[in-house]
K.L.:
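Quick one: structure below, then a few questions.
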Amino acid sequence: MPAKRASTAADDPPVTDAPPIVATQRVHVLLPLPLGGTYVYRAEQEVTAGAFVLVPLGRRQVVGVVWDGPCGDSGDAAIAESRLRDVAAVLDAPAMPVAMRRFVEWVAAYTVQAPGAVLRMAMSVPAALTPALPVRAYGRSRKAANVRLTPARQRVLDLLADGPPRTASDIAREAGVSAGVVKGLATAGILHEVALPARRSLPPPDPDSAGPDLSADQAAAAAALVAACQTDAGYSVTLLDGVTGSGKTEVYFEAVAEALRRGRQVLVLLPEIALTAQWFARFEARFGGAAVAWHSDLGQAGRRHAWRAVAMGEARVVAGARSALFLPLAELGLIVVDEEHDAAFKQGDGVAYHARDMAVVRGHIEGIPVILASATPSLESLTNVQRGRYGHLVLPDRHGGAAVPAVEVIDLRRTPPPRGRWIAPPMEAALTATLAQGEQVLLFLNRRGYAPLTLCRGCGHRLACPHCSAWLVEHRLAGILQCHHCGHTADRPTVCPACGAEDNFAACGPGVERLAEEAARLAPTARIAVMASDTLSGPAAAESLIAQVAAHEVDLLIGTQLVAKGHHFPLLTLVGVVDADLGLAGGDLRAAERSWQLLHQVAGRAGRAERPGRVFLQTYMPEHPVMAALAAGDRDRFLAAEAAIRREQGWPPFSRLAALIISGRDLQQVTAVAATLARRAPDGLTVMGPAPAPLALLRGRHRHRLLVRASRSTDLSAVLARWTGAVRLPAAVRLQIDMDPYSFV
Ligand code: ADP
Ligand code: ZN
């Protein structure tokens with residue numbers, strides 16, 4: 001039995017009164033633990049599948065879900081009646097819908113993880129499984145008349161004379177008294193207690209509020225999506241493929257309206273929820289009601305409220321990060337995956353799932369439509385269109401006729417920047433001219449910090465992370481060196497640890513901070529802002545910076561991939577990509593596709609309104625297919641060529657791929673386990689490796705990788721489950737299975 005559990009499930013949640021005893025039942029309960037499958041308990045009451053129950057486990061009590069039958073590795077199915085323990089209580093929470101239970105099982109089988117590990121994601125807010133405690137409020141009672149009152153007490157009574165009951169802290173604040181005064185009045189019976197509802201309910205979005213007048217192309221696409229949302233239409237997947245600014249959001253809002261009209265809930269997945277304030281504002285403007293947000297920055301109370309609002313059916317539209325896929329929407333009628341190509345939908349750790357792919361699975365299980373929207377669709381989705389599995393709607397033009405920006409390639413071999421600088425002369429000229437016209441410039445460099453590498457001029461020693469095989473990145477604003485893999489930080493040393501030379505370090509290469517320095521030299525009067533995940537303190541800071549840029553309080557924005565997505569800045573007419581080659585290095589099979597997507601998205605920030613946009617790409621490889629495709633604006637040829645290469649070489653989406661990452665503190669042990677796994681590999685698979693991972697040391701753990709490839713007709717998950725299940729791992733060694741890997745470090 002599992003001894004320890006990292007989850008924060010409340011050990012003693014308040015529970016409802018047990019319903020009357022009907023009969024003794026044997027029930028299978030799935031627990032949110034990353035080990036094994038269902039456990040068997042005895043219930044002396046009627047419990048139905050899906051109910052959340054409190055059960056004993058060892059000496060503790062944990063909350064689980066009554067399952068339809070045994071599931072996963074449930075070793076104790078045959079346990080004797082006399083040894084069964086009782087379900088302690090049935091929680092007063094809406095039962096987990098049957099489609100959700102099938103979804104949990106499906107994801108577990110596909111990702112080769114224990115069902116309990118997936119269940120844990122589907123009940124990520126244990127506190128939401130109990131109703132909110134009523135908020136205590138105080139009103140004025142009639143008894144007050146015959147008591148002597150201090151001025152403070154009198155102020156409280158005056159406040160409550162004509163107002164509604166409110167909480168003790170509100171009364172104290174509004175009347176300017178201490179909490180003790182309120183308490184004293186309550187004890188004396190002068191105030192009486194009332195329960196307020198925990199939170200006011202949300203104004204529901206109105207499906208019949210009018211949207212904008214759609215263009216002919218938009219209207220045709222919207223009609224097709226609306227048709228897919230009709231009651232009996234069932235499961236479908238449609239790729240909504242439109243250039244940036246073509247109105248994809250407006251179009252899929254029509255489908256959202258239709259689903260709402262039919263009384264269904266809608267789930268929208270967004271890649272970077274913290275930066276999508278614009279999306280929520282647009283939703284509210286369109287529907288006159290709020291969508292519920294779901295992301296990691298919500299805080300415990302916010303998550304609890306959102307989860308419960310979803311489960312109770314009060315939230316009609318939820319928009320969120322990938323984990324929103326595991327919310328218990330009982331009346332789900334439509335799933336939208338916006339920016340479907342985005343790698344942020346893939347979770348690499350634990351249950352390694354791709355939210356776009358699993359959204360399609362959930363849509364299939366629920367029998368509902370799924371919309372995948374992107375200006376740069378993934379090769380996976382385009383291939384599914386070609387195979388006839390997904391529908392395809394195309395919006396070829398920007399709304400309002402804004403032209404797609406012209407892309408010019410700057411060959412850094414012929415026009416290099418001056419020594420120690422990163423902006424080449426043609427880009428500098430365009431930057432100066434654009435600012436002189438009162439327009440905005442975006443410089444794009446997908447690298448945080450000041451410099452990616454610091455080395456000693458004397459001996460060439462490079463400052464590296466002690467826990468990872470990675471260089472330390474200098475963050476000059478924060479005055480530290482940081483490892484971008486484990487977060488390790490160090491002060492910048494004054495003496496070289498290798499040769500002892502003093503103050504002889506050189507920063508190599510640029511990050512956004514260093515670029516900002518150079519930009520300030522080139523445009524001393526420009527208002528410059530840097531936008532990267534570490535220069536912003538959170539979603540609110542991001543939102544306010546975006547508002548500043550939109551209000552033209554910033555002339556020159558320097559950013560990482562955070563700025564690539566979705567933002568609409570009408571005065572931004574020049575985008576300069578400082579290092580277009582950056583994403584092409586490394587052993588990622590999707591490097592070209594992803595570089596093309598990212599650079600195309602960044603380019604799409606230019607010239608979104610009346611003024612035409614220009615884009616400059618600085619590269620040492622102007623002849624590379626990615627640069628050529630961007631310069632020629634020829635996406636279809638690029639994607640066809642990319643697909644041909646993948647097909648020829650047998651990579652996804654023309655094969656199945658999984659990564660096995662073996663890690664541990666003892667290198668010999670890791671090497672031995674990796675070798676054993678490889679030796680026992682079943683026939684019919686192509687096994688690459690084992691080999692030390694590119695990131696051979698991470699957080700002090702050595703890492704070896706195996707890459708496993710199979711034909712599309714192979715059930716790779718089942719093969720992996722049998723294979724890895726038969727190899728015993730030493731306790732100190734971890735095996736992470738990554739189905740459909742997107743990261744190869
Ligand atoms: P995409 O999602 O394809 O990038 P958006 O839906 O964000 O495109 O549209 C780009 C801009 O054009 C937004 O400001 C949007 O409100 C506006 N827009 C799109 N279609 C229309 C329309 N039919 N009428 C008015 N404004 C529109
Ligand atoms: Zn590190």
Side-chain angles (χ1 to χ4, degrees), residues 412 416-424 443-524 526-538 541-542 545 554 556-563 576-579 581-583 585-586 618 665 693-703 745:
L412 290 177
R419 245 186 92 80
R421 303 220 325 235
W422 321 102
I423 297 172
L443 289 180
F444 176 77
L445 177 63
N446 203 13
R447 214 184 234 157
R448 294 185 284 129
Y450 185 84
L453 173 67
T454 304
L455 61 74
C456 172
R457 284 196 188 90
C459 71
H461 177 75
R462 300 164 171 215
L463 298 178
C465 177
H467 313 295
C468 306
S469 28
W471 308 126
L472 291 174
V473 178
E474 181 181 2
H475 287 252
R476 200 163 278 189
L477 293 176
I480 51 161
L481 297 166
Q482 189 187 43
C483 170
H484 283 184
H485 294 286
C486 74
H488 170 84
T489 59
D491 291 333
R492 200 185 141 123
T494 50
V495 173
C496 174
C499 72
E502 255 178 73
D503 284 325
N504 199 22
F505 288 107
C508 296
V512 283
E513 290 179 11
R514 193 170 198 181
L515 195 60
E517 242 176 47
E518 182 177 347
R521 237 175 280 137
L522 298 178
R527 294 163 298 178
I528 298 176
V530 174
M531 186 161 175
S533 55
D534 61 325
T535 62
L536 298 169
S537 54
L545 178 52
V554 170
L556 204 168
L557 182 63
I558 295 175
T560 60
Q561 61 186 6
L562 274 196
V563 298
V577 176
V578 174
D579 185 351
D581 308 336
L582 198 54
Q618 297 193 151
R665 294 194 178 272
L695 202 54
L697 186 70
L698 177 64
R699 295 171 208 276
R701 296 173 73 88
H702 297 279
R703 302 168 77 241
V745 293

K.L.:
Restricting to non-hydrogen atoms, name the atom on Val473 and the atom on Ala451 that form the minimum distance, rounded to 0.1 Å.
P.N.:
CG1-O, 3.4 Å

K.L.:
If we only count heavy atoms from C-beta on, is the Arg447 to Pro452 side-chain gap below 4.5 Å?
P.N.:
yes

K.L.:
Kindly indicate, with the supporting measurements, whether the criterion side chain to side chain contact (heavy atoms under 4.5 Å, CB included) is fulfilled by Ile528 and Ile558.
P.N.:
CA-CA 7 Å; Ile528 298 176; Ile558 295 175; 4.0 Å; yes

K.L.:
Could you give the distance from OH (Tyr450) to CZ (Arg476), rounded to the nearest 0.5 Å?
P.N.:
4.0 Å

K.L.:
Using modelled atom types only, decide if a donor and an acceptor are shared between the side chain of Arg703 and the backbone of Leu695 within a distance under 3.5 Å.
P.N.:
yes

K.L.:
Just how far is it from atom SG of Cys456 to atom CG of Asn504, taken to the nearest 0.5 Å?
P.N.:
5.0 Å

K.L.:
Supply the atom-to-atom distance Cys508 SG to Arg462 CZ, rounded to the nearest 0.5 angstrom.
P.N.:
7.5 Å

K.L.:
Quick check: does any side chain N or O of Ser469 sit under 3.5 Å from a backbone N or O of Leu697, one acting as donor and the other as acceptor?
P.N.:
yes

K.L.:
With no hydrogens and no angle check, is any side-chain donor or acceptor of Arg527 less than 3.5 Å from a backbone partner on Leu557?
P.N.:
no

K.L.:
Check Phe505 against Thr454 and note the closest heavy-atom contact, atom names and distance.
P.N.:
CB-CG2, 3.9 Å

K.L.:
Do the side chains of Asp581 and Leu412 get nearer than 4.5 Å, heavy atoms only?
P.N.:
no

K.L.:
Any side-chain to backbone donor/acceptor pair from Gln561 onto Leu445? Under 3.5 Å, distance only.
P.N.:
no

K.L.:
Closest approach of Ala424 and Gln618, non-hydrogen atoms and distance?
P.N.:
N-OE1, 2.8 Å

K.L.:
State whether the side chain of Asn446 and the backbone N or O of Thr560 hold a donor-acceptor pair below 3.5 Å, judged by distance alone.
P.N.:
no

K.L.:
What pairs with His475 under side-chain hydrogen bond (donor to acceptor under 3.5 Å, both in side chains), at least two apart in sequence or on another chain?
P.N.:
Gln482, His484, Asp534

K.L.:
With a 4.5 Å cut-off on side-chain heavy atoms, are His467 and Cys483 touching?
P.N.:
no

K.L.:
When you measure from the side chain of Glu518 to the backbone N and O of Arg421, does any donor-acceptor pair fall under 3.5 Å?
P.N.:
no

K.L.:
Ile423 vs Leu522, test: side chain to side chain contact (heavy atoms under 4.5 Å, CB included). Steps then yes/no.
P.N.:
CA-CA 9 Å; Ile423 297 172; Leu522 298 178; 3.7 Å; yes

K.L.:
Decide yes or no on side chain to side chain contact (heavy atoms under 4.5 Å, CB included) for Cys465 and Trp471, but give the supporting numbers first.
P.N.:
CA-CA 6 Å; Cys465 177; Trp471 308 126; over 6 Å; no

K.L.:
From Leu536 CG over to Leu562 CG, what is the distance, rounded to the nearest 0.5 angstrom?
P.N.:
6.5 Å

K.L.:
Can you check whether Val578 reaches Leu515 side chain to side chain, under 4.5 Å on heavy atoms?
P.N.:
yes

K.L.:
Tell me whether Arg514 contacts the main-chain N or O of Ala507 through its side chain, where contact means a donor paired with an acceptor under 3.5 Å.
P.N.:
yes

K.L.:
Tell me every residue that passes side-chain hydrogen bond (donor to acceptor under 3.5 Å, both in side chains) with Asp579, counting only those two or more places apart in sequence or in another chain.
P.N.:
none

K.L.:
Is there side-chain contact between Leu455 and Leu463, with heavy atoms separated by less than 4.5 Å?
P.N.:
no

K.L.:
Tell me the salt bridge (Lys or Arg N to Asp or Glu O under 4.0 Å) pairs involving residues 485-498, sequence neighbours left out?
P.N.:
Glu474-Arg492

K.L.:
Using a 4.5 Å cut-off on heavy atoms from C-beta on, say whether the side chain of Pro497 contacts that of His461.
P.N.:
yes

K.L.:
Short question: side chain of Arg701, backbone of Arg665 - any donor-acceptor pair under 3.5 Å?
P.N.:
no

K.L.:
Please walk me through it: do Thr489 and Leu481 pass side chain to side chain contact (heavy atoms under 4.5 Å, CB included)?
P.N.:
CA-CA 6 Å; Thr489 59; Leu481 297 166; over 6 Å; no

